[in-house]
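Have a look at the structure below, then the notes.
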Amino acid sequence: MSSQQNSSEIKLQVSYARPSSDTIKDANLYISGLPRTLSQPELEDMFACYGRIINSRVLVDQASGLSRGVAFIRFDKRAEAEDAIKHLNGNTPPGSSEPITVKFAANPNQTRNSQMMSQMYHGQSRRFGGPVHHQAQRFRFSPMSVDHMSSGGGSSGNSPSGWCIFIYNLGQEADEAVLWQLFGPFGAVVNVKVIRDFNTNKCKGFGFVTMTNYEEAAMAIHSLNGYRLGDKVLQVSFKTSKGHK
DNA sequence: TGTCATT
């Protein structure tokens with residue numbers, strides 16, 4: 001009696017590794033700006049007519065479990081991937097308001113070089129160290145009063161497990177610790193991320209913070225928008241999906 | 001000055 005089969009069934013696909021060759025090299029695509037509602041099969045449907053899809057993945061935000069609107073698709077051949085870029089890059093999928101970006105994915109092991117490079121410039125990263133913390137603490141709030149509109153309902157930046165905040169005008173040396181320091185005093189912070197250039201590993205000037213409670217997030221935004229960090233003035237707002245005309 | 005996440 002086999003007891004392995006319950007109500008759910010998992011199928012494993014096993015195959016020989018494909019021999020590496022130039023025609024199948026660099027056939028991996030990075031797609032961003034996808035509708036958050038798009039599932040992996042739907043994604044594959046969009047791309048299937050340009051070639052044979054070897055595999056695909058939709059990135060999911062760990063905190064919320066929702067799609068991040070970013071995906072990868074590996075085609076069988078590079079020419080197929082190029083074709084997909086030509087036809088789909090900049091297109092707006094039916095029912096969406098936002099064009100997608102389709103381009104070749106960066107190779108993850110390129111990161112190593114740049115990370116080593118950034119260690120060599122270790123020298124001057126303490127510029128925002130000290131006073132940041134107590135500046136933010138001046139904006140106290142009362143945590144007792146904030147539970148009635150915790151999540152949901154809004155139209156920007158919210159998700160089942162938090163409110164996503166966009167922070168613009170971070171310095172190149174900014175890191176996650178700075179974001180924790182800035183937003184932590186305002187309430188429950190679920191997650192922070194500094195967006196870095198893939199090649200240089202320098203901060204691209206912006207980042208994201210997810211906070212659990214709407215009122216705390218709103219207070220943080222109110223207080224930190226316009227805040228001077230190092231020699232830059234931050235712009236802080238709920239995350240939008242890009243293009244806000 | 002300018003803006004949304006690279007498995």
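Naming convention: chains lettered A, B, ... in sequence-line order (proteins, then strands); numbering from 1 in each chain. Values below: all heavy atoms of this structure, side chains included; hydrogens, waters and symmetry mates excluded. Just so you know, these numbers come straight off a predicted model, no measurement behind them.
For A:Arg57, the side-chain atoms get nearest to B:dT7 when compared with the rest of B:dG2, B:dT7, B:dA5. The side chain of A:Phe166 sits closest to B:dC4 out of B:dA5, B:dT6, B:dC4.
Rounded to whole angstrom, the span from the CD1 atom of A:Ile221 across to the P atom of B:dT3 amounts to 20 Å. Residue A:Leu29 contributes atom CG, which lies 15 Å from atom P of B:dT7 at whole-angstrom precision. The CZ-P distance, from A:Phe206 to B:dT6, rounds to 8 Å in whole Å. The CG-C1' distance, from A:Asp197 to B:dG2, rounds to 16 Å in whole Å. A:Phe238 places its CZ atom 17 Å from the C1' atom of B:dT3, with the value rounded to the nearest Å. Between the CD1 atom of A:Ile167 and the C1' atom of B:dG2 there is a distance of 16 Å, rounded to whole Å. The separation between A:Ile165 atom CD1 and B:dA5 atom P is 17 Å, rounded to whole Å. Atoms CG (A:Leu170) and C1' (B:dT3) sit 11 Å apart, rounded to a whole Å.
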May I have the step-by-step check of ring-ring contact (aromatic ring centres under 6.0 Å, His included) for A:Phe72 and A:Tyr30, ending in yes or no?
CA-CA 5 Å; A:Phe72 292 89; A:Tyr30 169 82; 5.5 Å; yes
Would A:Asp83 and A:Phe75 count as a side-chain contact (heavy atoms from CB on, under 4.5 Å) if you check the C-alpha gap in whole Å, the side-chain angles of each, and the deciding distance to 0.1 Å?
CA-CA 10 Å; A:Asp83 208 31; A:Phe75 275 102; over 6 Å; no
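When the side-chain nitrogen and oxygen atoms of A:Tyr30 are compared with OP1 and OP2 of B:dT6, one or more of them lie within a distance under 4.0 Å.
Under 4.0 Å is where a charged nitrogen must lie from a carboxylate oxygen, and between A:Arg78 and A:Glu82 at least one such pair does.
Taking the six-membered ring for Trp and the full ring otherwise, the centers of A:Phe166 and A:Phe238 sit at least 6.0 Å from each other.
Mapping A:Gln235 and A:Leu59 onto DNA chain B by nearest heavy atom places A:Gln235 at the nucleotide closer to the 5' end. Each of A:Tyr168 and A:Lys193 was matched to the nucleotide of DNA chain B holding its nearest heavy atom; the match closer to the 5' end belongs to A:Tyr168.
Residues meeting the side-chain hydrogen bond (donor to acceptor under 3.5 Å, both in side chains) test with A:Asp76, sequence neighbours left out: A:Arg18.
At a threshold of 4.0 angstrom between heavy atoms, the contacts of A:Lys103 include nucleobase atoms, whether or not backbone atoms are also involved.
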